[in-house]
Amino acid sequence: MKNLLRLTDMQPSDIYKIFNIADEINAGKYSDFLKGKSVVLFFPNSSIRTRVTFEKGIYLLGGQPILFPVETLDKKEDLRDVCGYLNNWAGIIVVRHKDINLIEKLAMYSRVPVINAMTDINHPCEILSDMYSLSKVRNNFIEDKYLFCGKPGNIGLAWKEASEVMGFDLSQCCGAGYEMESVKVYHDIKEAVKGKDIICTDSLPSEALKDFKECQVTSEIMDMANPNAVLNPCPPFYRGEEVSEEVMESEYFVGYEFKKNLLTVQQAIMLYCLLD
């Protein structure tokens with residue numbers, strides 16, 4: 001049994017094992033692996049992609065998803081008592097909660113795998129899915145040079161975790177005052193994009209838009225990147241803000257196709273956590 005809380009808890013071999021499991025799922029293996037098991041999910045109402053793919057993934061593996069609003073975990077009851085009961089019935093616990101400390105506390109008391117489906121500081125399942133997608137379309141995705149455009153939120157920090165584990169080159173383009181620690185930073189997208197292969201973005205709060213006016217990704221900007229560069233914006237993205245309208249209709253945009261793999265990779269993550 002294993003938990004998945006942070007990418008930095010993993011080795012590259014663990015990540016490649018998840019990729020291999022995903023390939024096996026696509027080949028028809030594990031179709032009833034969760035038969036007779038219940039997976040307890042704690043999700044906010046606003047979640048779309050992560051929740052849909054986890055619920056459908058559990059169903060396709062023969063399991064039973066049981067969904068609770070994430071606020072259920074914020075009540076007075078001690079988490080050790082919540083886990084004390086769930087340990088009797090749950091096969092896996094999947095949690096999307098702003099506070100990673102709460103998820104880590106659940107993992108401390110749980111006798112079944114706990115999977116972090118997003119916090120305020122990271123989003124490991126999303127980035128694992130993106131790396132898997134990149135592994136299918138790039139010659140060697142860990143030799144590519146990555147540029148993250150955005151603030152140091154859960155997506156940027158998760159890409160940083162991934163770069164620390166896998167060893168790929170990661171830079172950031174942001175407004176002044178939004179820099180991530182220990183990452184090369186640019187404040188001008190025209191300079192930042194030169195020599196880059198994978199351009200990733202995250203949505204911005206409205207109050208930060210003015211600070212990122214030199215960081216918007218457009219088709220003209222993508223033309224300045226390396227040949228065959230791709231644009232992989234994290235949803236929800238907002239046309240006309242961190243990305244332009246026209247670049248989302250260009251051949252650079254890979255988001256829809258990449259996110260198809262979110263279903264399979266999240267199935268693979270669950271299997272990885274249960275397999276020896």
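Predicted, not measured: the structure shown is a model, and the values here were computed from it.
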Quiz prompt | Side-chain heavy atoms of T119 within contact of V95, under 4.5 Å | solution = no
Quiz item: Is the side chain of H187 donor-acceptor paired with the backbone N or O of C174 at a distance under 3.5 Å, no angle test?
Solution: yes
Exercise. Taking all non-hydrogen atoms of both residues into account, name the closest pair between A225 and A229 and its distance.
Key: CB-CB, 3.6 Å
Practice problem: Could you tell me the separation between the CG atom of D14 and the CG atom of D9, rounded to the nearest 0.5 Å? | Solution: 9.5 Å
Quiz item: Once the angle between the rings of F253 and F237 is folded into 0 to 90°, is it parallel (under 30°), tilted (30 to 60°) or perpendicular (over 60°)?
Solution: perpendicular
Quiz item: Around E220, counting heavy atoms of other residues, nucleotides and ligands shown, do more than 12 lie under 6.0 Å from its CD?
Solution: no
Practice problem: Could you label the plane-to-plane angle of the W159 and Y146 rings as parallel, tilted or perpendicular, counting under 30° as parallel and over 60° as perpendicular? | Solution: tilted
Exercise. Would you check if there is a donor-acceptor pair between the side chains of N261 and S133 at a distance under 3.5 Å?
Key: yes
Exercise. Look up atom SG in C83 and atom CG in L106, then write down how far apart they are to the nearest 0.5 Å.
Key: 4.5 Å
Practice problem: Could you tell me whether the side chain of K2 and the main chain of L275 form a donor-acceptor pair under 3.5 Å? | Solution: yes
Quiz item: Which atoms form the tightest heavy-atom contact between V40 and A90, and what is the distance?
Solution: CG2-CB, 3.7 Å
Self-check item: More than 12 heavy atoms of other groups within 6.0 Å of K136 NZ
Solution: yes
Practice problem: Could you tell me whether the side chain of Q267 and the main chain of A22 form a donor-acceptor pair under 3.5 Å? | Solution: no
Practice problem: Scan side-chain atoms only and decide if N154 and D120 contain a donor-acceptor pair under the 3.5 Å cut-off. | Solution: no
Self-check item: same_hphob_cluster(V52, I269) at 4.5 Å side-chain heavy-atom cutoff
Solution: no
Quiz prompt | SB check D144 R138 (cutoff 4.0 Å) | solution = yes
Self-check item: Single-linkage hydrophobic cluster L274~I66, side-chain heavy atoms < 4.5 angstrom
Solution: no
Quiz item: For G150, does its backbone N or O pair with a side-chain atom of Q172 as donor and acceptor, under 3.5 Å?
Solution: yes
Practice problem: Give a yes or no on whether a salt bridge exists between E242 and K151, defined as a side-chain N under 4.0 angstrom from a carboxylate O. | Solution: no
Quiz item: Quick one: does NZ or CZ of K17 land under 6.0 Å from the six-membered ring centre of Y272, within 45 degrees of the ring axis?
Solution: no
Quiz item: So does E207 have more than 12 non-hydrogen atoms from other groups sitting under 6.0 Å from CD?
Solution: yes
Exercise. Kindly indicate, with the supporting measurements, whether the criterion salt bridge (Lys or Arg N to Asp or Glu O under 4.0 Å) is fulfilled by E126 and K259.
Key: CA-CA 9 Å; E126 184 91 6; K259 287 299 177 276; 3.3 Å; yes
Self-check item: L147 versus C173, closest heavy-atom pair with distance
Solution: CD1-N, 3.8 Å
Self-check item: Interatomic spacing from CD in E55 to CG in L41 - rounded to 0.5 Å
Solution: 6.0 Å
Quiz item: Any salt bridge between K190 and D188, counting N to O under 4.0 Å?
Solution: no
Quiz item: More than 12 non-hydrogen atoms from neighbouring residues, nucleotides or ligands closer than 6.0 Å to CG on N87, yes or no?
Solution: yes
Quiz item: Can you tell me if E179 uses its side chain to pair, donor with acceptor, with the backbone of V185 under 3.5 Å?
Solution: no
Exercise. Any chance you could measure I221, atom CD1, to L231, atom CG, to the nearest 0.5 Å?
Key: 11.5 Å
Quiz item: Take atom CG in N45; do more than 12 heavy atoms of anything else shown fall under 6.0 Å from it?
Solution: no
Quiz item: Are a donor atom and an acceptor atom from the side chains of S219 and E246 found within less than 3.5 Å of each other?
Solution: yes
Quiz prompt | Heavy-atom pair with the smallest gap, counting every atom of P152 and L157 | solution = O-CD1, 3.5 Å
Exercise. Give a yes or no answer on whether the side chain of N3 reaches the backbone of L5 with a donor-acceptor pair at less than 3.5 Å.
Key: no
Exercise. Answer whether the closest heavy-atom distance between the side chains of N228 and D197 falls below 4.5 Å.
Key: no
Exercise. Decide whether D81 and Y109 meet the rule of one side-chain donor and one side-chain acceptor closer than 3.5 Å.
Key: no
Quiz item: What's the spacing between L271 CG and N20 CG if we round to 0.5 Å?
Solution: 12.5 Å
Quiz item: Are the ring centres of Y178 and F212 closer than 6.0 Å?
Solution: yes
Quiz item: Going hydrophobic residue to hydrophobic residue with side-chain gaps under 4.5 angstrom, can you get from M118 over to I93?
Solution: no
Quiz prompt | D23 backbone acceptor or donor facing K29 side chain under 3.5 Å | solution = no
Practice problem: Check for a donor-acceptor pair, side chain of K75 on one end and backbone N or O of L73 on the other, with a separation under 3.5 Å. | Solution: no
Practice problem: Describe, in one word, how the ring planes of F33 and Y30 are oriented to each other, choosing from parallel (under 30°), tilted (30 to 60°) and perpendicular (over 60°). | Solution: perpendicular
Quiz prompt | Verdict with reasoning, N116 to N122, per side-chain hydrogen bond (donor to acceptor under 3.5 Å, both in side chains) | solution = CA-CA 9 Å; N116 170 8; N122 64 358; 2.9 Å; yes
Exercise. Decide whether N232 and D130 meet the rule of one side-chain donor and one side-chain acceptor closer than 3.5 Å.
Key: yes
Exercise. Find out if a path of hydrophobic residues (ILVMFWY) with successive side-chain heavy-atom gaps under 4.5 Å connects V265 to I15.
Key: yes
Self-check item: Separation between CD of Q266 and OG1 of T53, rounded to the nearest 0.5 Å
Solution: 3.5 Å
Quiz item: Going only through I, L, V, M, F, W and Y residues with side-chain contacts under 4.5 Å, is there a path from I198 to V243?
Solution: no
Quiz item: What is the minimum heavy-atom distance between V247 and M222, and which atoms define it?
Solution: CG2-CG, 3.9 Å
Self-check item: Which atom of L34 lies closest to which atom of I92, heavy atoms considered
Solution: CD2-CD1, 4.3 Å
Quiz prompt | Test item: S110 side-chain N/O and A107 main-chain N/O as donor-acceptor pair under 3.5 Å | solution = no
